[in-house]
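The structure appears right after this line, and notes come after that.
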There are 2 protein chains.
Amino acid sequence: MNKYYSITELTREFGISTRTLRFYEDEGLIHPERRGRTRLFRPADRRLIQEILRGRRIGFTIAEIREIIQVYKDPPGEMGQLRLLMNRVEEKREELRQKRKDIEDTLAELDNVEEACLTRLAEIGVGT
Amino acid sequence: MNKYYSITELTREFGISTRTLRFYEDEGLIHPERRGRTRLFRPADRRLIQEILRGRRIGFTIAEIREIIQVYKDPPGEMGQLRLLMNRVEEKREELRQKRKDIEDTLAELDNVEEACLTRLAEIGVGT
DNA sequence: TTTGACTTTTACGTCAAGGTCAACGATAGT
DNA sequence: ACTATCGTTGACCTTGACGTAAAAGTCAAA
């Protein structure tokens, strides 16, 4: 049956605006089909959007996301390009590992904050 | 001896610009001392800057970072405020867990990309 | 004493990632 | 025929996080 999603359907699902999806198309991240002028999103488009949003959440820029998408749909054939890509991948990996560490440290801090809150609440609770 | 850091000393250490540090001061994130007009950064300022940059890396806005700093230097005493804070903490935690998952998924994908590169390189290498 | 490296403030510029608004077309329901 | 709903394009606007340039002060070395 090959389902199509409308633009608002997707904006509702992902909590984004139509402007955002049109912007992503302008930026060449997605290429939904058209019936007349209206966009028709296929499941593949939907999945791509999910990955774009994931990239966005971890702080990738549009340009970076576009680059990643490019690699997927048109992997480099030449040797030099491949080596270059592998370097970029290693860089990104290092960046992500750092970010993950930052997140874990911050999560640990949040634990402390929460504990401090609980302690304080107990004090107040006892006092009243 | 109570060491002081100069502004450029810190910009070099952290790979940021003087503009950034002055901006952070304008935004009320840091409060370096002064000798005349020139800023003098103490170790405590330095550590605070490290934490600011960590917040930045994981995508916190200046406003969010300021809020966190506030909580640390002036924790809420009232009960309602405490409960409110705990809710905010739980929200942040959920956000960070999501981000961590996003990062781990992306790291896994990077592994795949690298493997594909290696395979491809091997093919090319054999062919020549 | 002049050069160089550092510092300051003020103020306008920039860039990414959308928001917002206007003006309009297509389609369905009443 | 009118209204609602959903879609379109195009243009300008906004916000966050700084960049950049101007004009000037401080201090040590050559």
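Protein chains get the first letters and strands the later ones, always in sequence-line order, with residue 1 at the start of each. Since we're looking at a predicted model, the values are computed, not measured.
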Partner set under salt bridge (Lys or Arg N to Asp or Glu O under 4.0 Å) for [X], not counting sequence neighbours:
X	result
B/Glu94	B/Arg97
B/Glu91	B/Arg88
B/Arg56	none

Can you list everything that forms a side-chain contact (heavy atoms from CB on, under 4.5 Å) with [X]? Sequence neighbours excluded, please.
X	result
B/Pro43	B/Tyr5, B/Arg47
B/Ile62	B/Phe23, B/Tyr24, B/Glu27, B/Leu29, B/Arg66
A/Glu25	A/Ile30, A/Pro32, A/Arg34, A/Arg39
A/Ser6	A/Thr8, A/Glu9

Inset, instruction - List in numerical order all residues of residues 61-71 of chain B for which some heavy atom is under 4.0 Å away from an atom belonging to DNA chain D. - result: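 Result for residues 61-71 of chain B: B/Thr61, B/Ile62, sorted by number.
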
Inset, instruction - Output the residues of residues 36-56 of chain A in contact with DNA chain D, where contact means a heavy atom of the residue under 4.0 Å from an atom of the strand; sort by number or write none. - result: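 Going residue by residue through residues 36-56 of chain A, the ones with a heavy atom under 4.0 Å of DNA chain D turn out to be A/Arg37, A/Thr38, A/Arg39.
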
Legend entry - Proximity to the side chain of A/Arg12 - top-ranked nucleotide from D/dC6, C/dT8, C/dG18: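 Of all the options, the side chain of A/Arg12 is nearest to D/dC6.
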
Inset, instruction - Name the closest nucleotide to the B/Arg22 side chain, picking from D/dC18, C/dT8, C/dC6. - result: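 Of the options given, the side chain of B/Arg22 lies nearest C/dT8.
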
d([atom1], [X]; [atom2], [N]) in whole Å:
X	N	atom1	atom2	value
A/Leu29	C/dG18	CG	P	10 Å
B/Glu33	C/dT8	CD	C1'	18 Å
A/Ile58	C/dA17	CD1	C1'	17 Å
A/Ile7	D/dT8	CD1	P	5 Å
B/Glu25	C/dT7	CD	C1'	13 Å
A/Leu21	D/dC6	CG	P	16 Å
B/Phe23	C/dG13	CZ	C1'	15 Å
A/Ile16	C/dA17	CD1	C1'	13 Å

Taking only side-chain N and O atoms of [X], does any of them lie within less than 4.0 angstrom of OP1 or OP2 on [N]?
X	N	answer
B/Thr20	D/dA17	no
B/Tyr24	D/dC18	yes
A/Thr18	D/dG7	no

Legend entry - Identified salt bridge (Lys or Arg N to Asp or Glu O under 4.0 Å) partner of A/Asp102 from the options B/Arg54, B/Arg100, B/Lys99, B/Arg57: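 It is B/Arg57, the one option of B/Arg54, B/Arg100, B/Lys99, B/Arg57 that forms the salt bridge (Lys or Arg N to Asp or Glu O under 4.0 Å) with A/Asp102.
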
Inset, instruction - Please figure out whether B/Thr8 or B/Asp26 has its closest DNA chain C nucleotide nearer the 5' end. - result: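 It is B/Thr8 whose nearest nucleotide is closer to the 5' end.
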
Legend entry - Where A/Ile52 and A/Ile65 come nearest, the two heavy atoms and their spacing: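 What the structure gives for the nearest pair is O-CD1, 3.6 Å.
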
Inset, instruction - Quick one: closest heavy-atom pair of B/Arg120 and A/Gly77, and the distance? - result: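 Taking B/Arg120 first and A/Gly77 second, the nearest heavy atoms are NH2-O, 4.1 Å.
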
Inset, instruction - Indicate, with a heavy-atom threshold strictly under 4.0 Å, whether B/Arg34 touches base, sugar-phosphate, or nothing. - result: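 Contact class for B/Arg34: sugar-phosphate only.
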
Legend entry - A/Glu51 versus A/Tyr72, side-chain donor and acceptor atoms under 3.5 Å: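 Short answer, no.
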
Legend entry - Student check: side-chain heavy atoms of B/Glu67 and B/Phe60 closer than 4.5 Å: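 No; the side chains remain at least 4.5 Å from each other.
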
Legend entry - Residues that B/Lys92 engages under side-chain hydrogen bond (donor to acceptor under 3.5 Å, both in side chains), provided they are two or more places apart: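 If we apply the side-chain hydrogen bond (donor to acceptor under 3.5 Å, both in side chains) test to B/Lys92, skipping adjacent residues, the hits are B/Glu64, B/Glu95.
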
Legend entry - Side-chain ion pair, B/Asp105 and B/Lys101, N-O less than 4.0 Å: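 A salt bridge is present here (some side-chain N lies under 4.0 Å from a carboxylate O).
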
Please list, for nucleotides 20-23 of chain C, all pairs of protein and nucleotide N/O atoms separated by less than 3.5 Å.
| from | atom 1 | to | atom 2 | distance (Å) |
| --- | --- | --- | --- | --- |
| C/dT20 | O4 | A/Arg19 | NE | 3.2 |

Inset, instruction - Using the side-chain contact (heavy atoms from CB on, under 4.5 Å) rule, pick out the option among A/Val113, A/Thr106, A/Leu107 that qualifies with B/Arg93. - result: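 Only one of A/Val113, A/Thr106, A/Leu107 forms a side-chain contact (heavy atoms from CB on, under 4.5 Å) with B/Arg93, namely A/Leu107.
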
Nucleotides 21-23 of chain D: which of its N/O atoms have a protein N/O under 3.5 Å away?
none

